[in-house]
Amino acid sequence: MIQTVVKRDGRIVGFNEQKIVAAIRKAMLHTDKGADEQLIEKITDYIAFRGKTQMTVEAIQDAVEVELMKSSRKDVAQKYIQYRNQRSIARKAKTREVFLDIVNVKSNDITRENANMNADTPAGMMMKFASETTKPFVDDYLLSEDVREAVLHNYLHIHDKDYYPTKSLTCVQHPLDNILEHGFTAGHGASRPAKRIETASVLACISLETCQNEMHGGQAIPAFDFYLAPYVRASYQEEVRNLEQLYGQSFAELMDAAIDDYLQRPLEGLEGIDRIKQHAINKTVGRVHQAMEAFIHNMNTIHSRGGNQVVFSSINYGTDTSAEGRCIMREILKSTYEGVGGGETAIFPIQIWKKKRGVNYLPGDPNYDLYELACKVTARRFFPNFLNLDATFNQDAEWKSDDPKRYLHEVATMGCRTRVFENRFGRKTSVARGNLSFSTINIVRLAIECMSIKDREQRINAFFAKLDNMLEVTARQLDERFQFQKTAFVKQFPLLMSKLWIDIDKLDPNGTIEPVLNQGTLGIGFIGLAECLVALTGHHHGESEESQALGLKIISYMRDRVNDFCERYQHNYSVLATPAEGLAGKFTKKDRKDFGVIPGVTDRDYYTNSNHVPVYYKCTARHKAEVEAPYHDLTRGGHIFYVEIDGDATHNPQVIQRVVDMMDQLNMGYGSVNHNRNRCMDCGYENADDHLEACPKCGSHHIDRLQRITGYLVGTTDRWNSGKLAELNDRVTHD
C-alpha cells in the first residue's frame with residue numbers, strides 16, 4: 001500500500017489518494033461521456049493498495065495511465081496523457097522564457113537584477129543562465145519546508161541564493177598588510193611582497209579581484225591609508241638612492257629624515273641637501289599619484305566572476321596622520337577628482353572617509369585639510385562617503401590616538417552599507433571579517449495582511465505576531481545556511497582562507513572552514529518600513545510622529561529578537577537596513593498582484609529602501625536626518641543615510657560638510673550626498689545641468705545621469721531594473 005510519495009523536487013510527503021481521484025475526474029469531464037465515479041474509485045483503490053510503500057509522482061501517474069488503458073474508458077486515458085504532457089510543457093515554459101530573454105539580450109528585471117553586472121556579454125549571459133537554474137535547485141533541495149513556503153509566498157528573500165550551493169561567504173575587509181608584506185599565490189605563480197608604491201597598488205587590486213571570485217559579495221580594504229603608507233617612504237628612499245647614483249655621493253642622512261608632509265614644491269631657491277630632499281619628495285609624490293591613478297583605473301576595468309563585472313570594491317581611509325598616510329589620501333582624492341579615462345567619474349572603488357574628532361573633523365585636527373579636500377571631491381564625484389567613527393555605536397574603548405595600528409579598533413564598512421564590528425567570538429574589529437549571508441523580511445506584506453483589523457491595537461499586535469514568526473523562520477534559515485557553509489573546505493577559498501580571514505592560523509589546510517566561520521555575521525534585513533507604516537497607521541514615519549514611534553518600536557523589536565537569536569544559535573546575528581536593488585520591485589510586484597493597488601503601499605513599482613523616508617516625500621534634509629538617525633544604532637548590520645541636493649555641488653562643497661555635521665550631531669553612522677551629474681556616453685563629458693539634452697562637447701544626445709543605486713554608483717541607468725528606475729524618477733531634493 002502506498003504510504004509516502006516522492007515529489008518532483010525531491011520532497012517526501014504523505015500519500016493522498018484524492019489527488020488521483022481529482023486527476024481522473026478532470027480527464028473524464030473533458031470527454032463526451034463525462035465522469036464515472038465507480039470506475040474512478042475502482043482505479044484509485046487498485047493503485048493505492050497494489051502500489052509500493054513509497055512511490056514517485058511519475059510512477060503513480062504511469063500506473064493511472066495503465067489502468068485507464070485496461071478499462072473501457074480509453075478515451076479518458078487519451079485525455080489524461082494529453083493533460084500530463086501539457087503540465088510537463090508548462091513546467092518547462094518558464095525556464096524557456098527566461099533563457100530566451102537572456103539569449104535575445106532583453107532588458108528586464110531578470111537580466112537587470114544587478115546593475116554592476118553586464119548580462120549582455122557572453123560571460124554575463126553564462127552567469128545568468130547559471131543563476132536562474134541554480135535558484136530552483138536551492139528551493140527544491142536546500143531549503144526547509146517552512147523557509148521554502150516563506151520565500152514562495154513573498155515573505156522572505158534569500159540574498160545571493162544562486163551562490164547558496166557554493167557555500168561561499170558574502171564579503172570581507174582585507175587585512176592588506178598580510179598581502180603586501182608576505183605576498184600570495186593566486187593561480188599559477190606567486191606574487192612577491194611589495195617594495196614600492198606601484199607594486200603595493202597593484203597587489204591591492206589583485207587581492208580584491210582574486211577574492212571576488214571566491215565570494216558572492218563585495219571586497220573592501222579597511223585602512224587603505226595605513227596599509228599603503230610604508231610604501232611611500234620606501235619609494236622615497238628609492239628616489240634618494242637614484243640620486244646617489246646620479247651624483248656619485250651618499251645621501252644616507254636623507255633615508256630616515258623627518259618629512260612633515262609630501263608636497264611637491266619648486267626646486268628654485270633650494271640648494272645642497274635641501275634641494276636633493278625636495279627633489280626626492282617631488283618624484284615620490286608623482287609616483288604615488290600615478291599609483292593611485294592606476295589603482296582607480298584598474299578597479300574600473302579589471303573584471304572578475306567569469307569576466308562579467310568589475311570588482312565590487314570599497315576602500316576606507318582618513319585617520320592615518322603620518323606624512324606617508326596623508327600622501328596616500330591626498331593623491332587618491334586628487335586622482336578621484338580628476339576622473340578616469342576621458343575625465344568621467346570613477347564607479348569603483350567606493351571610497352569611505354572615516355571621520356573622527358581630534359583626527360580629521362575640526363579645524364586644527366591634523367587631517368582637517370584632507371577632510372576639506374574629501375568634501376570637495378564628493379561634491380564633484382559622489383565619493384567619498386562618510387563614516388562617522390564618533391557615533392556612539394562606532395566607538396571602541398581600545399582605540400588610542402598614538403597606537404600605530406589603531407585602525408584595528410575603527411569600524412570600516414562596505415560601500416553598499418554592510419557593517420561588521422561587534423563580535424561575540426573574538427576581538428571587536430572590522431578587519432579580516434565580513435558578512436556570511438543575509439536574508440530580508442517583507443514587513444510590508446505582514447502589515448497588509450493586518451489592514452482588515454479595524455481596532456488599531458489589535459491590528460498592530462497581529463502585525464507583531466506575524467513579524468515574530470517570520471523572524472523565527474529567518475533566523476533558522478540563516479542558521480541552516482551557516483551549517484551548510486561550515487562544511488566547505490579551506491581549499492575552496494585559496495586566498496580568503498589563507499591570507500584574509502580572521503584566525504586562519506587555526507585552520508587545517510585539509511579541513512573545513514568551521515573553526516573560524518563564526519567570526520562572521522548573519523544579517524536579518526527588512527525593506528519598506530515606510531509602506532509598512534502606511535498600511536498600519538495610514539502615514540509613514542516622515543510625516544507622522546506617531547508612525548515614527550511605531551517604526552522605532554518595530555525595528556527595536558527586531559533588534560531585541562536578533563539578540564535573542566545570538567544566544568540561542570551562538571552566532572553573530574545583526575539587523576540590516578537592506579540595500580534593496582532587484583528586491584525593491586520584486587516584493588512589490590507580487591504583493592500588488594495578491595492585494596491590488598493600495599495607495600501609499602503598493603501603488604508604486606518599488607518599496608522604499610529599508611528605513612528611509614520615501615524618496616518622493618518632500619522635506620528638508622534636517623527633517624530626513626532626524627527621522628532616519630535613530631535607526632542607525634538599531635541596524636548594526638549596516639545602514640546608510642542620503643541627502644538629495646539640487647544644482648552643481650562642485651561650486652558648494654560646504655554643503656557636504658553641513659551634511660557630515662548633521663550626521664555628527666544626530667549620532668548617525670554612515671551617509672553621503674546625491675546630486676546632479678550628467679555624463680555623455682560617447683565622449684565622457686560631465687556636468688550638472690538639470691535637463692541636458694545634447695553634449696556641449698561632442699553634440700551627442702546619448703546622455704546619462706550618473707546616480708547612486710543602493711550604495712554604489714552606476715555609470716549607466718540602462719542596467720537598472722524597473723523598480724529602481726521608478727524610484728530614481730520619484731526622487732526629490734532636500735532643502
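What you see below is based on every heavy atom in this structure, not just the backbone, and it leaves out hydrogens, waters and symmetry mates. Being a predicted model, the structure only gives us computed values, none of them experimental.
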### Message
Among residues at least two apart in sequence or on other chains, which ones pass side-chain hydrogen bond (donor to acceptor under 3.5 Å, both in side chains) with Asp396?
### Response
His409
### Message
Taking NZ in Lys167 as the centre, count heavy atoms belonging to other residues, nucleotides or ligands within less than 6.0 Å. Is the count above 12?
### Response
yes
### Message
For the OG1 atom of Thr635 and the CD1 atom of Ile640, what is their distance to the nearest 0.5 Å?
### Response
11.0 Å
### Query
Got a sec, which pairs hit ring pair (Phe, Tyr, Trp, His ring centres under 6.0 Å) with one end in residues 259-300, sequence neighbours left out?
Phe224-Phe295
### Approximate separation, where rounding is to 0.5 Å, of Leu517 CG and Ile502 CD1
12.5 Å
### Summary
By side chain to side chain contact (heavy atoms under 4.5 Å, CB included), Arg380 pairs with (sequence neighbours left out) Tyr337, Thr650, Arg677
### Query
Is there a donor-acceptor pair under 3.5 Å between the side chain of Tyr670 and the backbone N or O of Gly415?
yes
### Query
So, Asn423 side chain and Arg427 main chain: donor-acceptor pair closer than 3.5 Å or not?
yes
### Task
Check whether any side-chain heavy atom of Tyr317 lies under 4.5 Å from a side-chain heavy atom of Ile352, and answer yes or no.
no
### Query
Residues in side-chain hydrogen bond (donor to acceptor under 3.5 Å, both in side chains) with Thr521, at least two apart?
Asn435
#### Entry: Any Leu522 side-chain heavy atom under 4.5 Å of Phe438 side chain
no
### Query
Who are the salt bridge (Lys or Arg N to Asp or Glu O under 4.0 Å) partners of Lys355, not counting sequence neighbours?
Asp390, Asp664
#### Entry: Within residues 219-240 or reaching into it, pairs that qualify as salt bridge (charged side-chain N to carboxylate O under 4.0 Å, His left out) - sequence neighbours excluded
Arg196-Glu238, Arg233-Glu324, Glu238-Arg287, Glu239-Arg287
### Message
I'd like to know if the side chain of Asn572 reaches the main chain of Arg424, judged simply by a donor and an acceptor atom lying under 3.5 Å from each other, with no hydrogens or angles considered.
### Response
yes
### Query
When you measure from the side chain of Thr418 to the backbone N and O of Gly638, does any donor-acceptor pair fall under 3.5 Å?
no
### Query
Hey, is the main chain of Phe425 close enough, under 3.5 Å, to the side chain of Gln519 for a donor-acceptor pair?
yes
## Note on the structure
salt bridge (Lys or Arg N to Asp or Glu O under 4.0 Å) filter on Asp261, not counting sequence neighbours, yields Arg326, Arg330
### Task
Please check if atom CG in Asp260 has more than 12 non-hydrogen atoms from other residues, nucleotides or ligands closer than 6.0 Å.
no
### Query
Going through the distances and angles, do Asp508 and Val490 end up as a side chain to side chain contact (heavy atoms under 4.5 Å, CB included)?
CA-CA 8 Å; Asp508 176 355; Val490 172; over 6 Å; no
### Message
Nearest 0.5 angstrom please: Trp353 CH2 to Gln351 CD, how far?
### Response
11.0 Å
### Message
Any non-hydrogen side-chain atom of Val516 less than 4.5 Å from a side-chain atom of Ile504?
### Response
no
### Query
Who passes side chain to side chain contact (heavy atoms under 4.5 Å, CB included) against Cys211, sequence neighbours left out?
Val172, His174, Met215, Gln219, Leu495, Leu496, Leu500
### Counterpart residues, side-chain hydrogen bond (donor to acceptor under 3.5 Å, both in side chains), relative to Glu410 (two or more places apart)
Thr319, Lys354, Trp399
### Query
What distance separates Tyr236 OH from Met255 CE, expressed to the nearest 0.5 Å?
8.0 Å
### Query
Does a side-chain N-to-carboxylate-O contact under 4.0 Å join Asp503 and Lys506?
yes
### Message
Any non-hydrogen side-chain atom of Ile281 less than 4.5 Å from a side-chain atom of Leu263?
### Response
no
### Message
Within the structure provided, determine whether Leu169 and Met497 are in side-chain contact (heavy-atom separation under 4.5 Å).
### Response
yes
### Any Asn316 side-chain heavy atom under 4.5 Å of Leu387 side chain
yes
### Task
Measure from the side-chain N and O atoms of Asp365 to the backbone N and O of Arg357, and report whether any donor-acceptor pair falls under 3.5 Å.
no
### Query
Gln173 side chain to Ala432 main-chain N or O, any donor-acceptor pair under 3.5 Å?
no
### Task
Measure across Gly637 and Leu576 and return the closest heavy-atom pair with its distance rounded to 0.1 Å.
O-CD1, 3.3 Å
### Message
When you compare the side chains of Tyr361 and Asn388, does any donor N or O come within less than 3.5 Å of an acceptor on the partner?
### Response
no
### Task
Tell me, yes or no, whether the heavy-atom count around Lys376 atom NZ, taken from other residues, nucleotides or ligands under 6.0 Å, exceeds 12.
no
### Query
Taking the side chain from Ser430 and the backbone from Phe421, do they hold a donor-acceptor pair closer than 3.5 Å?
no
### Query
Does any N or O in the side chain of Ser201 come within less than 3.5 Å of the main-chain N or O of Ala291, such that one atom is a donor and the other an acceptor?
yes
### Query
Should Tyr407 and Tyr227 be marked as a ring pair (Phe, Tyr, Trp, His ring centres under 6.0 Å) after you check the CA-CA gap, both sets of side-chain angles, and the distance that decides it?
CA-CA 10 Å; Tyr407 59 85; Tyr227 290 141; 5.2 Å; yes
### Task
Start with the C-alpha gap between Phe348 and Phe312, add the side-chain angles, then the distance that decides, and say whether ring pair (Phe, Tyr, Trp, His ring centres under 6.0 Å) holds.
CA-CA 7 Å; Phe348 290 107; Phe312 196 102; 5.3 Å; yes
### Query
Would you find a donor on one side and an acceptor on the other, under 3.5 Å apart, between the side chain of Ser235 and the backbone of Ile197?
yes
### Query
Between Val310 and Ile347, does a side chain to side chain contact (heavy atoms under 4.5 Å, CB included) hold up when you go through it step by step?
CA-CA 10 Å; Val310 293; Ile347 305 302; 6.0 Å; no
### Query
Any idea how Phe251 and Tyr247 line up, ring-wise: parallel (<30°), tilted (30 to 60°), or perpendicular (>60°)?
perpendicular
### Query
Checking side chain to side chain contact (heavy atoms under 4.5 Å, CB included) for the pair Ile315/Met299: CA distance, chi angles, key distance, verdict?
CA-CA 11 Å; Ile315 57 174; Met299 287 294 91; over 6 Å; no
### Task
Kindly give the heavy-atom pair with the smallest separation between Pro494 and Ser498, and that separation in Å.
O-OG, 2.5 Å
### Query
Do Thr378 and Ser672 pass the side chain to side chain contact (heavy atoms under 4.5 Å, CB included) test, and can you show the C-alpha distance, the side-chain angles, and the key distance before you say yes or no?
CA-CA 8 Å; Thr378 297; Ser672 197; 4.2 Å; yes
### Task
Indicate whether any N or O donor in one side chain lies under 3.5 Å from an N or O acceptor in the other, for His632 and Asn667.
no
### Query
Angle class for the Tyr163/His216 ring planes (parallel below 30°, perpendicular above 60°, tilted otherwise)?
tilted
### Query
What side-chain hydrogen bond (donor to acceptor under 3.5 Å, both in side chains) pairs are there with at least one residue in residues 265-278, not counting sequence neighbours?
Gln278-Asn282
## Note on the structure
Scanning both residues in full, the closest heavy-atom pair of Ile328 with Leu228 reads CD1-CB, 3.7 Å
### Counterpart residues, side-chain hydrogen bond (donor to acceptor under 3.5 Å, both in side chains), relative to Asn652 (two or more places apart)
none
### Task
Return the set of residues passing side chain to side chain contact (heavy atoms under 4.5 Å, CB included) with Pro366 (not counting sequence neighbours), or none when no residue passes.
Thr321
### Task
Go through the side-chain N and O atoms of Ser168 and Glu214 and say whether any donor and acceptor fall under 3.5 Å apart.
no
